[in-house]
Amino acid sequence: MLIYNVTIGIDKEIEQEWIDWMQAEHIPDVMNTGMFLKHHFYRILTHDEEGTASYCVQYYTDDIVKVRKYLDEFAPGLVDKHKAKYKDRHVAFRTLLEEV
């Protein structure tokens, strides 16, 4: 199993709005690409900085080809949409994990 993990720090002032948008729009958009089997959305409890809350979304797949296709064909537009909506209000980094 492969996990595409996205970790996000979001300004606490817009935290609930962002959570609502992630659950109603962004995560469904990612899942509708057909590249992932399931996802989990977590709040990170150990890394809050003043004014920022941290979250991660984990997208699961069984095929590296699907991850590459997602990154090449779908991710750029979805990342741009997120950046446009929450410009200067978030930071994000992405990692690809393999279950051992």
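- Residues M22 and Y42 fall into different hydrophobic clusters, defined by Ile, Leu, Val, Met, Phe, Trp and Tyr side chains chained together at heavy-atom separations under 4.5 Å.
- The two atoms that bring L2 and D63 nearest to each other are CD1-C, 3.8 Å, heavy atoms only.
- V79 and Y4 sit in two unconnected hydrophobic clusters of ILVMFWY residues. Membership requires side-chain heavy atoms under 4.5 Å apart, directly or through other members.
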Hey, mind stepping through M31 and F36 against side chain to side chain contact (heavy atoms under 4.5 Å, CB included) and telling me if it holds?
-> CA-CA 6 Å; M31 294 305 296; F36 300 103; 4.0 Å; yes
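- No close placement of the H40 and Y59 rings is indicated, their centers lying 6.0 Å or farther apart.
- One hydrophobic cluster holds both V30 and F74 under the rule that ILVMFWY side chains link at heavy-atom gaps under 4.5 Å.
- Across every non-hydrogen atom of E15 and A53, the tightest pair is OE2-CB, 3.4 Å.
- Tested against Y55 for a side-chain contact (heavy atoms from CB on, under 4.5 Å), the candidates V6, I19, I44 yield a single pass: I19.
- Taking all atoms of both residues into account, the shortest heavy-atom contact from T52 to K12 is O-CE, 3.4 Å.
- Looking at K81 and D29, a side-chain N of the basic residue comes within less than 4.0 Å of a carboxylate O on the acidic one, giving a salt bridge.
- Under a hydrophobic clustering in which Ile, Leu, Val, Met, Phe, Trp and Tyr are joined whenever their side-chain heavy atoms come within less than 4.5 Å, directly or via other members, I27 and W18 fall into the same cluster.
- Counting only heavy atoms from C-beta outward, the side chains of N5 and L96 never approach each other to under 4.5 Å.
- Here the closest non-hydrogen pair linking T61 and M1 is O-SD, 3.2 Å.
- Smallest separation of non-hydrogen atoms from P76 and Y70: CD-O, 4.4 Å.
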Mind listing the side-chain donor-acceptor pairs of residues 85-94 below 3.5 Å, one per line with the distance, residues two or more places apart or on another chain?
{"unit_1": "Y86", "atom_1": "OH", "unit_2": "E17", "atom_2": "OE2", "d": "3.3"}
{"unit_1": "R89", "atom_1": "NE", "unit_2": "D11", "atom_2": "OD2", "d": "2.7"}
{"unit_1": "R89", "atom_1": "NH2", "unit_2": "E13", "atom_2": "OE1", "d": "2.9"}
{"unit_1": "H90", "atom_1": "ND1", "unit_2": "Y86", "atom_2": "O", "d": "2.9"}
{"unit_1": "H90", "atom_1": "NE2", "unit_2": "H82", "atom_2": "ND1", "d": "3.3"}

